[in-house]
Amino acid sequence: MRHLGEVIDQVPDDRVFDDAIPEEIFQASLEEYEKADNRFGVKLPFWLTLRLIVHMALLRHLDIRSVLDRVARVFGTPTSWRGGVPHSTSIAQARDRLGLDVVQGLFKRFAAYLADWDPSRWKGLLVVAIDGTMLDAPDSLANVSEFGRPGGRNGSSGFPKFRLVAVVSTLSHFVLGCVTGACKGPGTGEKTLVHSLLPLLQPDWLILMDSGFCSFPWLKALGDRPFFVRKTQGQTAVKPRKVERAIKPRADHWVDYLPVSSKSGEAPLRLRWIRINVNKKKRGRKAKWVEFLTNLPPERYPYDELVSLYMQRWEVEFAFRELKVDLLKKVMFRSQTPTRVLQETYGLLLAYNSIRLRMAQAAKLAKVEPRRISFTYAVAILQLAALNGLRERQVLLLLGSKQIHKRPSRSYPRQVKRPAAKFPANRRRADSG
């Protein structure tokens, strides 16, 4: 959005990264929260502050004032600057005036746009995965009070953390929805937070979930929405009651799923109980069978086609790694207050979706899957384009030229090893002192 009365300097630029978010979506988000109009002569109008928050995620190697200077040179420098970039205090005040709702609104609108744009389908369904992760926040009193510190064997964490539960498209890696919460306390677990995502989930989305989301209230809340979840195992796990004739002997059955702790008279869920051999017997290793629950009908979704479906759930882990390692650079957010931290979080997701959209367009041009395009290379190219200006077709051709090999299946079992005790070393240190 350009305000001609305030613009004195316009730098020609193809805005490959900026134009990934359609202008009408950007404008509608500002209008929804009455942030489209600004006082005449204001140093940091709402539209410029919102652009700044998105660019802070892409240009992580620059300080905030340098990022603001770059954004202003692309979209127009307000006349009130008088040749100088506003101070960091003015930027923080502008972010507080903007608030969190408009940034969340922009993310939701852009995510809905991507869900409609995403051409990847499996049997007519958009395959998505739900999972959670933890992000670090700066060590300030406000952040500690809002998010808390997770505890551990050797005390609490050095920094406050907050939880992020996200819905990710398994092929394009678009983040189609998310919810945030504190790291500990009542109502902050993934099983509780995920209920806030229920209105977002569409009937034509196939939802893949790990065993952490195998909860009777959550599966019941999903209703007719297609899902495929790994069943919890162990002595406390619910043992479904087999009904009707087996669809596939020893591997696929109709069952009634109802926990013992459910309310009296509550109806069970009629689901398919599927056993998949994920580690076939080879070189003396025992076969490992994993159990799943789904409401997909066997006529349209036979057993053999569901065997490889669950492996797509790992794509959400790759998306989290791209967010935290490749884009965030393993560095925590810069903000000292919870509202600004969450602003940065949604700005990070907006930047990530913008990069992923350009990668999907490049993959379409190169006639490969979006997962074959290197995300690290895409970040570097779009940073170069944001700082120096490159034409859109040049960028897409560059992105499509850097492809990665098809990822193999998991080679090593997932396990947690107990760390070595620190007591002997501390005792020797104390005795020597």
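A20 and F110 get closest at one heavy-atom pair: O-CE1, 3.5 Å. The two residues A142 and Q336 come nearest to each other via the heavy atoms CB-O, 3.9 Å. Heavy atoms only, all atoms of each residue included: P203 and P226 are closest at O-CD, 3.3 Å. Of all heavy-atom pairs spanning D118 and S169, the tightest one is OD2-OG, 2.9 Å. I381 approaches L398 most closely through the heavy-atom pair CD1-CD1, 4.2 Å. Closest approach of S401 to Y377, counting heavy atoms only: OG-OH, 4.0 Å.
More than 12 non-hydrogen atoms from other residues, nucleotides or ligands lie less than 6.0 angstrom from NZ of K123. Annotation for D224: atom CG does not count as buried by contact number, only 12 or fewer foreign heavy atoms lying within 6.0 Å. The local environment of OH in Y303 is crowded, with over 12 non-hydrogen atoms from other residues, nucleotides or ligands closer than 6.0 Å. More than 12 heavy atoms of other shown residues, nucleotides or ligands fall within 6.0 angstrom of atom CZ in R334. Heavy atoms from other residues, nucleotides or ligands lying under 6.0 Å from CD of E34 number 12 at most.
Note: F228 and Y310 have tilted aromatic rings, judged against thresholds of 30 and 60 degrees for the angle between ring planes. The aromatic rings of H195 and W218 lie perpendicular to each other, with more than 60° between the two planes, well past the 30° mark.
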Go through it in stages, so that I can follow the logic: the residues are L58 and I355, the test is side-chain contact (heavy atoms from CB on, under 4.5 Å), and I'd like the CA-CA distance, side-chain angles, deciding distance and then a yes or no. CA-CA 9 Å; L58 178 69; I355 296 170; 4.0 Å; yes
Check against side-chain contact (heavy atoms from CB on, under 4.5 Å), S335 and R95: CA-CA 11 Å; S335 303; R95 291 176 61 187; 3.1 Å; yes
With side-chain hydrogen bond (donor to acceptor under 3.5 Å, both in side chains) as the criterion, how do T170 and Q312 come out once you've worked through the C-alpha distance, each side chain's angles and the decisive distance to 0.1 Å? CA-CA 6 Å; T170 59; Q312 294 190 38; 3.0 Å; yes
Evaluate the criterion ring-ring contact (aromatic ring centres under 6.0 Å, His included) for residue pair W122 and Y301; output intermediate values, then yes/no. CA-CA 10 Å; W122 181 77; Y301 307 95; 5.6 Å; yes
Given the rule in the salt bridge (charged side-chain N to carboxylate O under 4.0 Å, His left out) test, do R15 and E392 qualify, once you have shown the distances and angles that lead to the verdict? CA-CA 8 Å; R15 304 193 317 189; E392 179 177 333; over 6 Å; no
Determine, step by step, whether H173 and F375 satisfy the ring-ring contact (aromatic ring centres under 6.0 Å, His included) criterion, reporting the C-alpha distance in whole Å, the side-chain angles of both residues, the deciding distance to 0.1 Å, and the verdict. CA-CA 11 Å; H173 284 199; F375 182 81; 8.6 Å; no
Just do the side-chain contact (heavy atoms from CB on, under 4.5 Å) check on M56 and V71 with the steps written out, would you? CA-CA 10 Å; M56 283 168 55; V71 175; over 6 Å; no
Hey, mind stepping through F75 and W47 against side-chain contact (heavy atoms from CB on, under 4.5 Å) and telling me if it holds? CA-CA 10 Å; F75 290 93; W47 65 269; 3.4 Å; yes
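Looking at residues two or more places apart in sequence or on another chain, you find a salt bridge (Lys or Arg N to Asp or Glu O under 4.0 Å) between D96 and R340. By the side-chain hydrogen bond (donor to acceptor under 3.5 Å, both in side chains) test, R109 pairs with E32, sequence neighbours left out. Shown here are the salt bridge (Lys or Arg N to Asp or Glu O under 4.0 Å) partners of D69, two or more places apart in sequence or in another chain: R73. Every residue was checked against the ring pair (Phe, Tyr, Trp, His ring centres under 6.0 Å) condition with F320, not counting sequence neighbours, and none meets it.
Sorted by first and then second residue, the side chain to side chain donor-acceptor pair (under 3.5 Å) pairs involving residues 130-139 (not counting sequence neighbours) are D131-R313, T133-K324, D136-K161, D139-R149. For residues 169-184, the set of pairs meeting the salt bridge (charged side-chain N to carboxylate O under 4.0 Å, His left out) definition, not counting sequence neighbours, is empty.
E23 and Q27 share no side-chain donor-acceptor pair at under 3.5 Å.
Under the 4.5 Å side-chain criterion, counting only non-hydrogen atoms from C-beta, I276 is not in contact with W289. Within the 4.5 Å cutoff, no side-chain heavy atoms of N295 are placed close to those of L219. Looking at L62 and R70, their side chains never come closer than 4.5 Å, going by heavy atoms from C-beta outward. W81 is listed as a side-chain neighbour of L68, based on a closest heavy-atom distance under 4.5 Å. A heavy-atom distance below 4.5 Å is found between the side chains of L126 and S120. Side-chain contact between I21 and S354: present, with at least one pair of heavy atoms (C-beta onward) separated by less than 4.5 Å. Contact of the R272 side chain with the L293 side chain is not registered, since no non-hydrogen atoms from C-beta on lie closer than 4.5 Å. Within the 4.5 Å cutoff, side-chain heavy atoms of L222 are placed close to those of M209.
We find that R230 and E291 are not joined by a salt bridge, their nearest charged nitrogen and carboxylate oxygen being 4.0 Å or further apart. Salt-bridge formation is not detected for the pair E322/K329: no Lys NZ or Arg NE/NH1/NH2 atom is positioned less than 4.0 Å from an Asp or Glu carboxylate oxygen.
Rounding to the nearest 0.5 Å places CG of D37 at 11.5 Å from NZ of K35. R358 CZ to D19 CG: the interatomic distance, rounded to the nearest 0.5 Å, is 6.5 Å. Distance CZ/R225 to CH2/W205: 10.0 Å, rounded to 0.5 Å. Considering CH2 of W117 and CD of Q361, their distance stands at 5.5 Å, rounded to 0.5 Å. Residue L349 holds its CG atom at 13.5 Å from CZ of R356, rounded to the nearest 0.5 Å. Of the inter-residue distances, the one linking L323 atom CG with L135 atom CG reads 8.0 Å to the nearest 0.5 angstrom.
The main-chain N or O of P86 is found under 3.5 Å from a side-chain atom of R65 such that the two form a donor-acceptor pair. Using a distance-only test at 3.5 Å, with no hydrogens or angles considered, no donor-acceptor pair links the side chain of T232 to the main chain of S211. The backbone N or O of P45 lies less than 3.5 Å from a partner atom in the side chain of T49, making a donor-acceptor pair. Put simply, the side chain of S172 never gets that close to the backbone of F174: no donor and acceptor are under 3.5 Å apart. Distance alone, capped at 3.5 Å, places no donor-acceptor pair between the R163 side chain and the G181 backbone. Judged by distance alone, the side chain of T192 and the main-chain N or O of T188 form no donor-acceptor pair under 3.5 Å.
Geometrically, R51 engages F26 in a cation-pi contact defined by less than 6.0 Å to the ring centre and at most 45° from the axis. Both tests do not hold together for K231 against F292: distance to the six-membered ring centre under 6.0 Å, angle to the ring axis within 45°.
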